[in-house]
Amino acid sequence: MGTYDYTELNVIEIDSIEPQQVSVFDVLHLEASIGQSMYADDSNISYTWYYYRTPQSIVADTIGHDRVLDLTVVMEPGDYQFYVTATDMGTGLWKKRGFRVKVTGQFAGGLLMLGEVDGNGNAGDATATLGFISFNTASRGKAVTIYGADGIATLGTHPVMLSRSPNEILVLCDDENGGQALASGTLTPTRSFSDMFMFRPEQMHSQLHTMISNPLGASYGYSELALVDGNAHYRKPKGISFSPPLSGTHDFAPYVYMLRNNIMLYDNMEGRFMRRDFGVFGDANTLDPIPEPEEQFSAFDPNDVGLKCVVMSMGRATGVDYAPSICGIFSDAAGTFYALRMGVDYTYADGLLAMPQSLTQVSEATLPGISSATVFGSYDTNNSILYYAAGDKIYMYDYNTGLPATVLIDLQTFGMGGQSITCLKASTQEMGDMITHTGSDLYIGVNDTAMNGGNSASVVHITLRSDNSGKVQEVSDIWKNVSARIVSMMLQ
(Lines give C-alpha, C1' and ligand atoms only; values in the text may rest on other atoms or scores of the structure.)
Protein backbone atom coordinates (compact mmCIF):
# COMPACT_ATOMS: atom_id res chain seq x y z
CA MET A 1 0.00 0.00 0.00
CA GLY A 2 2.96 2.30 0.44
CA THR A 3 4.01 4.71 3.13
CA TYR A 4 2.75 8.28 3.14
CA ASP A 5 3.79 11.37 5.09
CA TYR A 6 1.04 13.90 5.65
CA THR A 7 1.90 17.55 6.15
CA GLU A 8 -0.66 19.73 7.84
CA LEU A 9 -1.43 22.82 5.76
CA ASN A 10 -2.34 26.23 7.04
CA VAL A 11 -5.99 26.97 6.28
CA ILE A 12 -6.84 30.64 5.74
CA GLU A 13 -10.32 32.12 6.15
CA ILE A 14 -11.39 35.70 5.38
CA ASP A 15 -14.47 37.14 7.03
CA SER A 16 -17.15 38.35 4.64
CA ILE A 17 -17.21 42.04 3.71
CA GLU A 18 -20.55 43.77 3.29
CA PRO A 19 -21.36 45.64 0.05
CA GLN A 20 -20.02 49.18 0.16
CA GLN A 21 -21.22 52.51 -1.24
CA VAL A 22 -18.93 55.49 -1.50
CA SER A 23 -18.90 58.86 -3.27
CA VAL A 24 -16.24 60.02 -5.69
CA PHE A 25 -13.25 61.57 -3.86
CA ASP A 26 -14.29 60.12 -0.52
CA VAL A 27 -12.00 57.61 1.24
CA LEU A 28 -13.06 53.98 1.17
CA HIS A 29 -11.84 52.31 4.39
CA LEU A 30 -11.64 48.51 4.40
CA GLU A 31 -10.03 45.98 6.73
CA ALA A 32 -9.41 42.31 5.99
CA SER A 33 -10.20 40.15 9.02
CA ILE A 34 -8.61 36.70 8.70
CA GLY A 35 -8.25 33.50 10.69
CA GLN A 36 -5.63 30.77 10.29
CA SER A 37 -5.47 27.21 11.48
CA MET A 38 -1.74 27.31 12.33
CA TYR A 39 -0.90 30.94 13.19
CA ALA A 40 -2.27 33.48 15.62
CA ASP A 41 -0.97 36.57 13.81
CA ASP A 42 -0.69 37.44 10.11
CA SER A 43 3.06 37.98 9.82
CA ASN A 44 3.16 35.14 7.28
CA ILE A 45 0.43 36.68 5.11
CA SER A 46 0.67 38.98 2.09
CA TYR A 47 -2.42 40.90 1.03
CA THR A 48 -3.60 42.10 -2.35
CA TRP A 49 -6.65 44.30 -3.00
CA TYR A 50 -7.94 44.71 -6.56
CA TYR A 51 -11.14 45.45 -8.45
CA TYR A 52 -12.95 45.08 -11.77
CA ARG A 53 -15.44 47.48 -13.31
CA THR A 54 -18.66 45.48 -13.76
CA PRO A 55 -19.78 44.28 -16.17
CA GLN A 56 -17.32 45.73 -18.68
CA SER A 57 -13.82 44.86 -17.48
CA ILE A 58 -11.83 41.64 -17.28
CA VAL A 59 -8.63 43.56 -16.48
CA ALA A 60 -8.03 44.06 -12.76
CA ASP A 61 -6.66 47.21 -11.14
CA THR A 62 -4.51 46.47 -8.08
CA ILE A 63 -4.99 49.08 -5.34
CA GLY A 64 -3.21 47.87 -2.19
CA HIS A 65 -1.05 45.31 -0.41
CA ASP A 66 -1.79 45.95 3.28
CA ARG A 67 -4.40 44.39 5.55
CA VAL A 68 -6.04 47.81 5.90
CA LEU A 69 -6.99 49.67 2.73
CA ASP A 70 -7.71 53.40 2.65
CA LEU A 71 -8.52 54.22 -0.95
CA THR A 72 -9.28 57.72 -2.21
CA VAL A 73 -11.97 56.99 -4.77
CA VAL A 74 -11.26 58.55 -8.15
CA MET A 75 -13.06 55.98 -10.31
CA GLU A 76 -15.99 56.85 -12.48
CA PRO A 77 -19.39 56.39 -10.79
CA GLY A 78 -20.70 52.88 -11.30
CA ASP A 79 -20.62 49.32 -9.95
CA TYR A 80 -17.36 47.56 -9.13
CA GLN A 81 -16.38 44.07 -7.97
CA PHE A 82 -13.65 44.24 -5.31
CA TYR A 83 -11.50 41.37 -4.06
CA VAL A 84 -8.94 40.84 -1.31
CA THR A 85 -6.58 37.86 -1.30
CA ALA A 86 -4.56 36.62 1.65
CA THR A 87 -1.56 34.46 0.65
CA ASP A 88 0.57 32.32 2.97
CA MET A 89 4.08 33.34 1.92
CA GLY A 90 5.49 30.03 3.16
CA THR A 91 3.28 27.68 1.15
CA GLY A 92 1.82 29.92 -1.52
CA LEU A 93 -1.70 28.87 -0.58
CA TRP A 94 -4.23 31.66 -0.66
CA LYS A 95 -7.82 32.64 0.04
CA LYS A 96 -9.95 35.19 -1.80
CA ARG A 97 -13.01 37.18 -0.70
CA GLY A 98 -15.11 39.29 -3.04
CA PHE A 99 -17.65 42.04 -2.45
CA ARG A 100 -19.44 44.80 -4.33
CA VAL A 101 -18.69 48.52 -4.24
CA LYS A 102 -20.99 51.15 -5.72
CA VAL A 103 -19.36 54.48 -6.53
CA THR A 104 -21.74 57.42 -6.69
CA GLY A 105 -21.31 61.03 -7.72
CA GLN A 106 -23.10 64.22 -6.84
CA PHE A 107 -24.69 64.18 -10.27
CA ALA A 108 -25.50 60.48 -10.69
CA GLY A 109 -28.85 58.95 -11.54
CA GLY A 110 -30.31 61.55 -13.83
CA LEU A 111 -30.09 63.52 -17.06
CA LEU A 112 -27.36 66.00 -17.98
CA MET A 113 -28.50 68.83 -20.25
CA LEU A 114 -26.09 70.87 -22.35
CA GLY A 115 -27.69 74.18 -23.17
CA GLU A 116 -26.87 77.46 -24.81
CA VAL A 117 -27.78 81.05 -23.97
CA ASP A 118 -27.70 83.89 -26.46
CA GLY A 119 -26.66 86.78 -24.29
CA ASN A 120 -27.94 89.46 -26.65
CA GLY A 121 -30.27 87.41 -28.80
CA ASN A 122 -27.30 86.94 -31.08
CA ALA A 123 -26.19 83.45 -32.09
CA GLY A 124 -22.61 84.73 -31.95
CA ASP A 125 -22.94 85.02 -28.19
CA ALA A 126 -24.07 81.41 -27.59
CA THR A 127 -22.71 80.48 -24.15
CA ALA A 128 -22.64 76.85 -23.04
CA THR A 129 -24.60 75.90 -19.92
CA LEU A 130 -24.93 72.63 -18.05
CA GLY A 131 -27.90 71.41 -16.01
CA PHE A 132 -29.03 68.21 -14.33
CA ILE A 133 -32.40 66.55 -13.64
CA SER A 134 -32.43 63.96 -10.86
CA PHE A 135 -34.13 60.58 -11.36
CA ASN A 136 -33.54 59.49 -7.77
CA THR A 137 -36.70 58.60 -5.86
CA ALA A 138 -36.37 61.26 -3.18
CA SER A 139 -35.58 64.07 -5.60
CA ARG A 140 -37.07 62.94 -8.92
CA GLY A 141 -37.57 65.83 -11.31
CA LYS A 142 -35.47 68.27 -9.32
CA ALA A 143 -33.42 70.39 -11.69
CA VAL A 144 -30.04 71.89 -10.81
CA THR A 145 -28.05 74.44 -12.79
CA ILE A 146 -24.42 73.37 -12.63
CA TYR A 147 -23.03 76.03 -14.95
CA GLY A 148 -25.34 78.86 -15.94
CA ALA A 149 -25.01 81.78 -18.33
CA ASP A 150 -21.78 82.81 -16.59
CA GLY A 151 -20.27 79.46 -17.60
CA ILE A 152 -18.59 81.00 -20.63
CA ALA A 153 -15.31 81.04 -18.75
CA THR A 154 -15.77 77.39 -17.74
CA LEU A 155 -17.38 75.49 -20.62
CA GLY A 156 -17.03 77.67 -23.72
CA THR A 157 -19.26 78.91 -26.50
CA HIS A 158 -21.29 77.35 -29.32
CA PRO A 159 -21.95 74.02 -27.55
CA VAL A 160 -22.17 70.91 -29.75
CA MET A 161 -22.64 67.78 -27.67
CA LEU A 162 -22.04 65.88 -24.44
CA SER A 163 -19.95 62.72 -24.47
CA ARG A 164 -18.31 60.31 -22.06
CA SER A 165 -14.62 59.53 -21.77
CA PRO A 166 -12.95 57.35 -19.11
CA ASN A 167 -13.26 59.30 -15.83
CA GLU A 168 -14.39 62.44 -17.67
CA ILE A 169 -17.49 64.04 -19.17
CA LEU A 170 -16.74 65.99 -22.33
CA VAL A 171 -18.54 69.20 -23.28
CA LEU A 172 -17.75 69.73 -26.96
CA CYS A 173 -17.92 73.30 -28.26
CA ASP A 174 -17.19 74.95 -31.57
CA ASP A 175 -14.76 77.47 -30.14
CA GLU A 176 -11.01 77.99 -29.84
CA ASN A 177 -10.59 75.28 -27.17
CA GLY A 178 -13.05 72.82 -28.68
CA GLY A 179 -14.83 72.45 -25.36
CA GLN A 180 -14.05 71.31 -21.84
CA ALA A 181 -13.42 68.06 -19.97
CA LEU A 182 -15.08 67.64 -16.57
CA ALA A 183 -14.40 65.11 -13.80
CA SER A 184 -17.10 62.43 -13.97
CA GLY A 185 -18.01 62.50 -10.30
CA THR A 186 -17.92 66.20 -9.48
CA LEU A 187 -18.22 67.78 -12.96
CA THR A 188 -15.38 70.14 -12.10
CA PRO A 189 -13.14 71.26 -15.00
CA THR A 190 -10.03 69.18 -15.62
CA ARG A 191 -8.68 70.41 -18.98
CA SER A 192 -9.78 71.82 -22.30
CA PHE A 193 -10.71 69.41 -25.09
CA SER A 194 -7.85 70.75 -27.20
CA ASP A 195 -5.39 69.62 -24.50
CA MET A 196 -6.35 66.01 -25.22
CA PHE A 197 -4.68 66.07 -28.66
CA MET A 198 -1.08 65.14 -29.44
CA PHE A 199 -1.00 68.02 -31.90
CA ARG A 200 -3.66 70.66 -31.44
CA PRO A 201 -5.80 70.96 -34.60
CA GLU A 202 -5.45 74.31 -36.31
CA GLN A 203 -9.21 74.82 -36.11
CA MET A 204 -10.96 73.31 -33.08
CA HIS A 205 -14.35 72.88 -34.77
CA SER A 206 -15.48 70.00 -32.54
CA GLN A 207 -18.15 67.85 -34.16
CA LEU A 208 -18.19 64.47 -32.44
CA HIS A 209 -16.60 62.35 -29.74
CA THR A 210 -17.48 58.70 -29.21
CA MET A 211 -16.23 55.65 -27.36
CA ILE A 212 -15.67 52.49 -29.42
CA SER A 213 -15.67 49.10 -27.73
CA ASN A 214 -13.28 46.37 -28.80
CA PRO A 215 -14.95 43.87 -31.19
CA LEU A 216 -13.97 41.12 -28.74
CA GLY A 217 -16.08 42.84 -26.10
CA ALA A 218 -16.20 46.02 -24.06
CA SER A 219 -14.22 44.25 -21.33
CA TYR A 220 -11.11 44.73 -23.49
CA GLY A 221 -11.38 48.47 -23.19
CA TYR A 222 -12.65 51.41 -25.18
CA SER A 223 -10.95 53.35 -27.93
CA GLU A 224 -12.06 56.88 -28.72
CA LEU A 225 -12.67 58.74 -31.94
CA ALA A 226 -13.02 62.50 -32.28
CA LEU A 227 -14.13 64.42 -35.36
CA VAL A 228 -12.71 67.92 -35.48
CA ASP A 229 -13.04 70.22 -38.49
CA GLY A 230 -14.20 67.31 -40.65
CA ASN A 231 -11.31 64.97 -39.90
CA ALA A 232 -10.87 62.01 -37.55
CA HIS A 233 -8.51 61.59 -34.57
CA TYR A 234 -8.02 58.30 -32.70
CA ARG A 235 -7.08 57.49 -29.09
CA LYS A 236 -6.18 53.98 -27.91
CA PRO A 237 -7.54 52.48 -24.69
CA LYS A 238 -5.83 54.24 -21.77
CA GLY A 239 -4.01 56.39 -24.32
CA ILE A 240 -2.71 59.81 -23.35
CA SER A 241 -3.62 61.83 -26.43
CA PHE A 242 -5.60 61.76 -29.65
CA SER A 243 -3.50 61.02 -32.73
CA PRO A 244 -2.87 63.47 -35.56
CA PRO A 245 -5.69 63.61 -38.13
CA LEU A 246 -6.01 61.20 -41.01
CA SER A 247 -4.12 62.23 -44.12
CA GLY A 248 -5.92 64.14 -46.82
CA THR A 249 -8.87 66.49 -46.70
CA HIS A 250 -12.17 65.08 -45.47
CA ASP A 251 -15.62 66.14 -44.37
CA PHE A 252 -16.79 63.19 -42.29
CA ALA A 253 -20.40 63.17 -41.24
CA PRO A 254 -20.66 63.21 -37.41
CA TYR A 255 -21.55 59.52 -37.13
CA VAL A 256 -19.18 56.61 -36.37
CA TYR A 257 -20.23 52.96 -36.26
CA MET A 258 -18.77 49.49 -35.99
CA LEU A 259 -19.62 46.85 -38.58
CA ARG A 260 -18.03 43.58 -37.58
CA ASN A 261 -14.44 44.63 -36.75
CA ASN A 262 -14.44 47.76 -38.90
CA ILE A 263 -14.86 51.38 -37.87
CA MET A 264 -17.14 52.97 -40.46
CA LEU A 265 -17.30 56.63 -41.46
CA TYR A 266 -18.96 58.50 -44.30
CA ASP A 267 -17.06 61.24 -46.15
CA ASN A 268 -19.45 63.91 -47.40
CA MET A 269 -16.68 65.47 -49.45
CA GLU A 270 -16.23 62.33 -51.57
CA GLY A 271 -19.75 60.93 -51.11
CA ARG A 272 -18.55 57.52 -49.96
CA PHE A 273 -18.24 55.14 -47.03
CA MET A 274 -14.75 54.50 -45.69
CA ARG A 275 -13.53 52.04 -43.09
CA ARG A 276 -10.56 50.88 -41.08
CA ASP A 277 -9.94 47.66 -39.19
CA PHE A 278 -10.30 48.31 -35.46
CA GLY A 279 -7.01 46.65 -34.60
CA VAL A 280 -4.88 48.91 -36.80
CA PHE A 281 -6.86 52.15 -36.79
CA GLY A 282 -4.43 53.90 -34.49
CA ASP A 283 -1.40 52.70 -36.45
CA ALA A 284 -2.37 54.18 -39.82
CA ASN A 285 -3.30 57.63 -41.04
CA THR A 286 -5.56 56.58 -43.90
CA LEU A 287 -8.88 54.82 -44.37
CA ASP A 288 -9.68 51.97 -46.74
CA PRO A 289 -12.46 51.52 -49.29
CA ILE A 290 -15.23 49.01 -48.73
CA PRO A 291 -14.09 45.62 -50.14
CA GLU A 292 -15.99 44.56 -53.23
CA PRO A 293 -17.56 41.10 -53.37
CA GLU A 294 -16.96 38.72 -56.25
CA GLU A 295 -20.19 39.89 -57.79
CA GLN A 296 -20.85 43.62 -58.11
CA PHE A 297 -22.64 45.60 -55.44
CA SER A 298 -26.36 45.40 -56.10
CA ALA A 299 -28.39 48.24 -54.56
CA PHE A 300 -25.56 50.81 -54.62
CA ASP A 301 -21.77 51.08 -54.44
CA PRO A 302 -20.74 52.16 -50.92
CA ASN A 303 -17.49 53.48 -52.40
CA ASP A 304 -19.42 55.84 -54.66
CA VAL A 305 -22.76 56.78 -53.10
CA GLY A 306 -22.44 60.34 -54.37
CA LEU A 307 -24.79 61.82 -51.76
CA LYS A 308 -24.54 63.89 -48.60
CA CYS A 309 -25.33 62.23 -45.29
CA VAL A 310 -28.14 63.94 -43.36
CA VAL A 311 -28.37 61.41 -40.51
CA MET A 312 -27.18 57.85 -39.83
CA SER A 313 -27.84 55.24 -37.17
CA MET A 314 -27.28 51.59 -36.43
CA GLY A 315 -30.16 49.24 -37.06
CA ARG A 316 -30.71 45.58 -37.83
CA ALA A 317 -30.51 44.23 -41.33
CA THR A 318 -33.15 41.75 -42.40
CA GLY A 319 -32.33 38.37 -43.86
CA VAL A 320 -28.72 38.18 -42.65
CA ASP A 321 -29.14 36.68 -39.18
CA TYR A 322 -30.29 40.07 -37.94
CA ALA A 323 -26.75 41.37 -38.35
CA PRO A 324 -26.07 45.04 -37.59
CA SER A 325 -26.65 47.45 -40.43
CA ILE A 326 -26.15 51.12 -41.17
CA CYS A 327 -29.29 53.09 -41.92
CA GLY A 328 -29.47 56.70 -42.98
CA ILE A 329 -31.11 59.55 -44.79
CA PHE A 330 -29.05 61.13 -47.57
CA SER A 331 -29.63 63.97 -50.02
CA ASP A 332 -28.35 65.14 -53.39
CA ALA A 333 -27.48 68.63 -54.59
CA ALA A 334 -31.03 69.18 -55.82
CA GLY A 335 -32.48 68.50 -52.35
CA THR A 336 -33.88 65.06 -53.14
CA PHE A 337 -33.80 62.65 -50.19
CA TYR A 338 -32.91 58.96 -50.11
CA ALA A 339 -33.25 56.25 -47.46
CA LEU A 340 -30.21 53.92 -47.31
CA ARG A 341 -29.73 50.51 -45.69
CA MET A 342 -26.45 48.59 -45.69
CA GLY A 343 -25.82 45.38 -43.74
CA VAL A 344 -22.83 43.11 -43.33
CA ASP A 345 -22.43 39.40 -44.04
CA TYR A 346 -21.21 37.73 -40.84
CA THR A 347 -20.50 34.48 -42.71
CA TYR A 348 -17.68 36.13 -44.67
CA ALA A 349 -14.48 34.78 -43.10
CA ASP A 350 -11.93 37.26 -44.44
CA GLY A 351 -13.32 40.44 -42.90
CA LEU A 352 -15.99 42.95 -43.74
CA LEU A 353 -18.33 42.15 -46.60
CA ALA A 354 -20.81 44.98 -47.01
CA MET A 355 -24.30 44.05 -48.13
CA PRO A 356 -25.95 47.13 -49.66
CA GLN A 357 -29.68 46.47 -49.32
CA SER A 358 -31.48 49.53 -50.60
CA LEU A 359 -31.09 53.16 -51.63
CA THR A 360 -34.60 54.48 -52.17
CA GLN A 361 -35.73 57.96 -53.09
CA VAL A 362 -38.17 59.27 -50.48
CA SER A 363 -40.51 62.22 -50.83
CA GLU A 364 -42.06 64.61 -48.34
CA ALA A 365 -45.09 62.36 -48.44
CA THR A 366 -42.98 59.57 -46.96
CA LEU A 367 -40.96 61.81 -44.63
CA PRO A 368 -43.13 64.86 -43.81
CA GLY A 369 -41.06 67.93 -43.00
CA ILE A 370 -37.73 66.20 -43.61
CA SER A 371 -36.39 69.11 -45.66
CA SER A 372 -36.56 71.40 -42.61
CA ALA A 373 -35.65 68.81 -39.95
CA THR A 374 -32.47 69.45 -37.98
CA VAL A 375 -33.07 67.31 -34.88
CA PHE A 376 -32.77 63.52 -35.11
CA GLY A 377 -32.69 60.52 -32.82
CA SER A 378 -32.61 56.74 -33.16
CA TYR A 379 -34.34 54.04 -31.15
CA ASP A 380 -31.66 51.41 -30.48
CA THR A 381 -29.65 48.66 -32.12
CA ASN A 382 -32.58 46.21 -32.04
CA ASN A 383 -34.55 48.17 -34.61
CA SER A 384 -34.06 50.44 -37.58
CA ILE A 385 -36.21 53.32 -36.43
CA LEU A 386 -35.51 57.00 -37.01
CA TYR A 387 -37.05 59.82 -34.99
CA TYR A 388 -36.94 63.34 -36.36
CA ALA A 389 -38.51 66.64 -35.40
CA ALA A 390 -40.32 68.93 -37.81
CA GLY A 391 -42.18 71.90 -36.35
CA ASP A 392 -43.78 70.87 -33.07
CA LYS A 393 -44.11 67.20 -34.07
CA ILE A 394 -41.84 64.18 -33.77
CA TYR A 395 -42.10 61.62 -36.57
CA MET A 396 -41.12 57.96 -36.55
CA TYR A 397 -39.82 56.21 -39.67
CA ASP A 398 -38.90 52.52 -39.99
CA TYR A 399 -36.10 51.93 -42.51
CA ASN A 400 -36.97 48.26 -42.83
CA THR A 401 -40.60 48.76 -43.90
CA GLY A 402 -40.13 52.03 -45.78
CA LEU A 403 -43.73 52.99 -44.95
CA PRO A 404 -44.56 56.70 -44.54
CA ALA A 405 -43.42 58.21 -41.26
CA THR A 406 -46.08 58.52 -38.57
CA VAL A 407 -46.49 61.18 -35.89
CA LEU A 408 -45.03 59.91 -32.62
CA ILE A 409 -45.60 63.05 -30.54
CA ASP A 410 -47.48 66.30 -31.16
CA LEU A 411 -46.51 69.01 -28.67
CA GLN A 412 -49.93 70.59 -29.03
CA THR A 413 -51.25 67.62 -27.04
CA PHE A 414 -49.38 68.96 -24.00
CA GLY A 415 -50.24 72.61 -24.56
CA MET A 416 -46.75 73.24 -25.94
CA GLY A 417 -47.72 73.92 -29.54
CA GLY A 418 -45.54 76.46 -31.31
CA GLN A 419 -42.48 75.64 -29.23
CA SER A 420 -39.41 74.24 -30.96
CA ILE A 421 -37.86 70.81 -30.45
CA THR A 422 -34.10 71.19 -30.13
CA CYS A 423 -32.88 67.78 -28.92
CA LEU A 424 -33.85 64.10 -28.85
CA LYS A 425 -32.19 61.49 -26.63
CA ALA A 426 -33.03 57.79 -26.37
CA SER A 427 -32.07 56.06 -23.14
CA THR A 428 -31.12 52.73 -24.67
CA GLN A 429 -27.41 52.02 -24.69
CA GLU A 430 -25.42 53.60 -27.50
CA MET A 431 -21.87 52.97 -28.58
CA GLY A 432 -19.68 54.88 -26.18
CA ASP A 433 -22.27 54.99 -23.45
CA MET A 434 -20.56 53.01 -20.67
CA ILE A 435 -23.65 53.08 -18.45
CA THR A 436 -26.34 50.52 -19.26
CA HIS A 437 -29.88 51.85 -18.93
CA THR A 438 -32.89 49.62 -18.51
CA GLY A 439 -36.12 50.28 -20.32
CA SER A 440 -36.72 52.33 -23.44
CA ASP A 441 -37.28 56.02 -23.02
CA LEU A 442 -37.16 59.10 -25.19
CA TYR A 443 -36.22 62.51 -23.79
CA ILE A 444 -37.27 65.56 -25.80
CA GLY A 445 -35.71 68.99 -25.33
CA VAL A 446 -38.31 71.66 -26.06
CA ASN A 447 -37.44 75.36 -26.26
CA ASP A 448 -40.03 78.01 -25.34
CA THR A 449 -39.24 80.79 -27.77
CA ALA A 450 -41.56 83.19 -25.95
CA MET A 451 -40.01 82.80 -22.49
CA ASN A 452 -36.85 84.33 -21.09
CA GLY A 453 -35.74 85.65 -24.46
CA GLY A 454 -35.96 82.20 -25.98
CA ASN A 455 -33.47 80.83 -23.46
CA SER A 456 -35.83 78.56 -21.51
CA ALA A 457 -36.34 74.86 -22.19
CA SER A 458 -38.38 71.95 -20.88
CA VAL A 459 -37.89 68.19 -21.11
CA VAL A 460 -40.65 65.77 -22.06
CA HIS A 461 -40.01 62.18 -20.96
CA ILE A 462 -41.68 59.49 -23.06
CA THR A 463 -41.79 55.82 -22.06
CA LEU A 464 -41.73 53.65 -25.16
CA ARG A 465 -43.57 50.37 -25.53
CA SER A 466 -41.74 47.21 -24.47
CA ASP A 467 -42.53 45.38 -27.73
CA ASN A 468 -39.59 47.03 -29.56
CA SER A 469 -42.00 48.87 -31.83
CA GLY A 470 -40.54 52.25 -30.85
CA LYS A 471 -44.06 53.56 -30.21
CA VAL A 472 -45.28 55.54 -27.21
CA GLN A 473 -46.56 53.75 -24.13
CA GLU A 474 -47.10 56.89 -22.04
CA VAL A 475 -45.93 60.42 -21.40
CA SER A 476 -44.18 59.87 -18.08
CA ASP A 477 -42.91 63.33 -17.12
CA ILE A 478 -42.86 66.93 -18.27
CA TRP A 479 -40.19 68.99 -16.52
CA LYS A 480 -40.67 72.66 -17.37
CA ASN A 481 -38.11 75.47 -17.44
CA VAL A 482 -35.20 73.25 -16.39
CA SER A 483 -32.47 74.49 -18.72
CA ALA A 484 -31.35 76.98 -21.30
CA ARG A 485 -32.08 75.94 -24.90
CA ILE A 486 -30.97 72.29 -24.97
CA VAL A 487 -28.54 71.10 -27.64
CA SER A 488 -27.50 67.75 -26.15
CA MET A 489 -28.53 65.36 -23.35
CA MET A 490 -26.76 62.44 -21.69
CA LEU A 491 -27.85 59.99 -19.00
CA GLN A 492 -25.74 59.78 -15.86
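With a 4.5 Å cut-off on side-chain heavy atoms, Phe273 and Asn303 do not count as touching. Residues Phe376 and Val310 are in side-chain contact: their nearest non-hydrogen atoms beyond the backbone lie under 4.5 Å apart. The shortest distance between side-chain heavy atoms of Asn231 and Thr249 does not fall below 4.5 Å. Side-chain atoms of Ile263 and Leu287, non-hydrogen and from C-beta on, never get closer than 4.5 Å to each other. Contact annotation: the side chain of Met342 approaches that of Pro302 to within less than 4.5 Å [non-hydrogen atoms, C-beta and beyond]. Proximity of Ile169 to Met490: side-chain heavy atoms (C-beta onward) are separated by under 4.5 Å at one or more points. The shortest distance between side-chain heavy atoms of Ile146 and Leu112 falls below 4.5 Å. Met196 places a side-chain heavy atom less than 4.5 Å from the side chain of Leu170.
Evaluation of the side-chain contact (heavy atoms from CB on, under 4.5 Å) rule for Cys423 yields Ile486, Met489 as partners, not counting sequence neighbours. Residues that satisfy the ring pair (Phe, Tyr, Trp, His ring centres under 6.0 Å) test with Phe135, not counting sequence neighbours, are Tyr443, Trp479. By the side-chain contact (heavy atoms from CB on, under 4.5 Å) test, Ser371 is found to be paired with Phe337, Glu364, residues two or more places apart in sequence or in another chain being considered. Looking at residues two or more places apart in sequence or on another chain, you find no ring pair (Phe, Tyr, Trp, His ring centres under 6.0 Å) involving His205. A search for ring pair (Phe, Tyr, Trp, His ring centres under 6.0 Å) contacts involving Phe193 returns Phe197, not counting sequence neighbours. Contacts of Tyr338 classified as side chain to side chain donor-acceptor pair (under 3.5 Å), with partners at least two apart in sequence or in another chain: Asp332. Judged as a side-chain contact (heavy atoms from CB on, under 4.5 Å), and not counting sequence neighbours, the contacts of Asp304 are Asp301. For Ser363, the side-chain contact (heavy atoms from CB on, under 4.5 Å) partners two or more places apart in sequence, or in a different chain, are Ala365, Thr366. Applying the side chain to side chain donor-acceptor pair (under 3.5 Å) rule to Thr336 yields no partners; only residues at least two apart in sequence or on another chain are considered.
Rounded to the nearest 0.5 angstrom, Ser458 OG and Ile478 CD1 are separated by 8.5 Å. Taking CE of Met211 as the start and CZ of Arg164 as the end, the distance is 9.5 Å to the nearest 0.5 Å. Atoms NZ and CZ, from Lys142 and Phe132 in turn, are 10.5 Å apart once rounded to the nearest 0.5 Å. Atoms CG and OG1, from Leu227 and Thr210 in turn, are 9.0 Å apart once rounded to the nearest 0.5 Å.
Ser488 places no side-chain N or O within 3.5 Å of a backbone atom of Met161 that could act as its donor or acceptor partner. Using a distance-only test at 3.5 Å, with no hydrogens or angles considered, a donor-acceptor pair links the side chain of Gln207 to the main chain of Asp229. Side-chain atoms of Ser243 come within 3.5 Å of backbone atoms of Tyr234 as a donor-acceptor pair (strictly under, hydrogens ignored). A donor-acceptor pair under 3.5 Å is absent between the side-chain atoms of Ser384 and the main chain of Asp398, judged by distance alone. Under a 3.5 Å cut-off, the side chain of Arg275 and the backbone N or O of Pro289 do form a donor-acceptor pair. Checked by atom type and distance alone, the side chain of Ser134 never pairs as donor or acceptor with a backbone atom of Gly110 at under 3.5 Å.
Here the closest heavy-atom approach between residue Tyr147 and residue Pro189 is recorded as OH-CD, 3.4 Å. Residues Cys309 and Tyr266 approach most closely at CB-CD2, 3.7 Å, considering heavy atoms. Residues Asn268 and Ala253 share a closest heavy-atom pair of ND2-CB, 3.8 Å. Listed here is the closest heavy atom pair of Pro368 and Ala390: O-CB, 4.1 Å. Listed here is the closest heavy atom pair of Asn177 and Ser192: CB-CB, 4.0 Å. The shortest heavy-atom contact between Pro244 and His233 is C-ND1, 3.7 Å.
Centroid-to-centroid, the aromatic rings of Tyr397 and Tyr395 stay 6.0 Å apart or farther. When ring centroids are compared, Phe199 and Phe242 stay outside the 6.0 Å threshold.
Sorted pairs that involve residues 126-137 and meet salt bridge (Lys or Arg N to Asp or Glu O under 4.0 Å), not counting sequence neighbours, are lacking altogether. Listed by first and then second residue, the salt bridge (Lys or Arg N to Asp or Glu O under 4.0 Å) pairs that reach into residues 181-197 are Glu168-Arg191, sequence neighbours excluded.
Side-chain polar atoms of Ser165 and Arg235 form a donor-acceptor pair below 3.5 angstrom. In this structure, a donor-acceptor pair under 3.5 Å is absent between the side chains of Ser456 and Asp448. His158 and Glu116 form no side-chain donor-acceptor contact under 3.5 Å, judged by distance and modelled atom types alone. Between His250 and Asp267, the side chains place a donor N or O and an acceptor N or O closer than 3.5 Å (distance only, hydrogens not considered). Side-chain contact of Thr463 with Ser476: a donor-acceptor pair under 3.5 Å is present, judged by distance alone.
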> Met113 and Val459: side-chain contact (heavy atoms from CB on, under 4.5 Å), yes or no, with the steps?
Replying inline: CA-CA 9 Å; Met113 302 167 291; Val459 173; 3.8 Å; yes

> Which is it for Val171 and Leu182 under the side-chain contact (heavy atoms from CB on, under 4.5 Å) test, yes or no, and what are the steps along the way?
Replying inline: CA-CA 8 Å; Val171 178; Leu182 309 174; 4.0 Å; yes

> Asp441 and Lys425: salt bridge (charged side-chain N to carboxylate O under 4.0 Å, His left out), yes or no, with the steps?
Replying inline: CA-CA 8 Å; Asp441 303 272; Lys425 170 64 181 177; over 6 Å; no

> Passes salt bridge (charged side-chain N to carboxylate O under 4.0 Å, His left out), Asp288 versus Arg276? Steps please.
Replying inline: CA-CA 6 Å; Asp288 298 323; Arg276 189 69 181 169; 2.8 Å; yes

>> One pair to check against side-chain hydrogen bond (donor to acceptor under 3.5 Å, both in side chains): Thr422 and Arg485. What are the steps and the verdict?
In response: CA-CA 7 Å; Thr422 61; Arg485 184 173 56 249; over 6 Å; no

Side-chain atoms of residues 406-421: list all donor-acceptor pairs with protein atoms under 3.5 Å, sequence neighbours left out, distances to 0.1 Å.
residue, atom, partner, partner atom, Å
Asp410, OD1, Gln412, N, 3.0
Thr413, OG1, Asp410, O, 3.0

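With a 6.0 Å radius and a threshold of 12 heavy atoms from other residues, nucleotides or ligands, Glu474 has its CD atom above the threshold.
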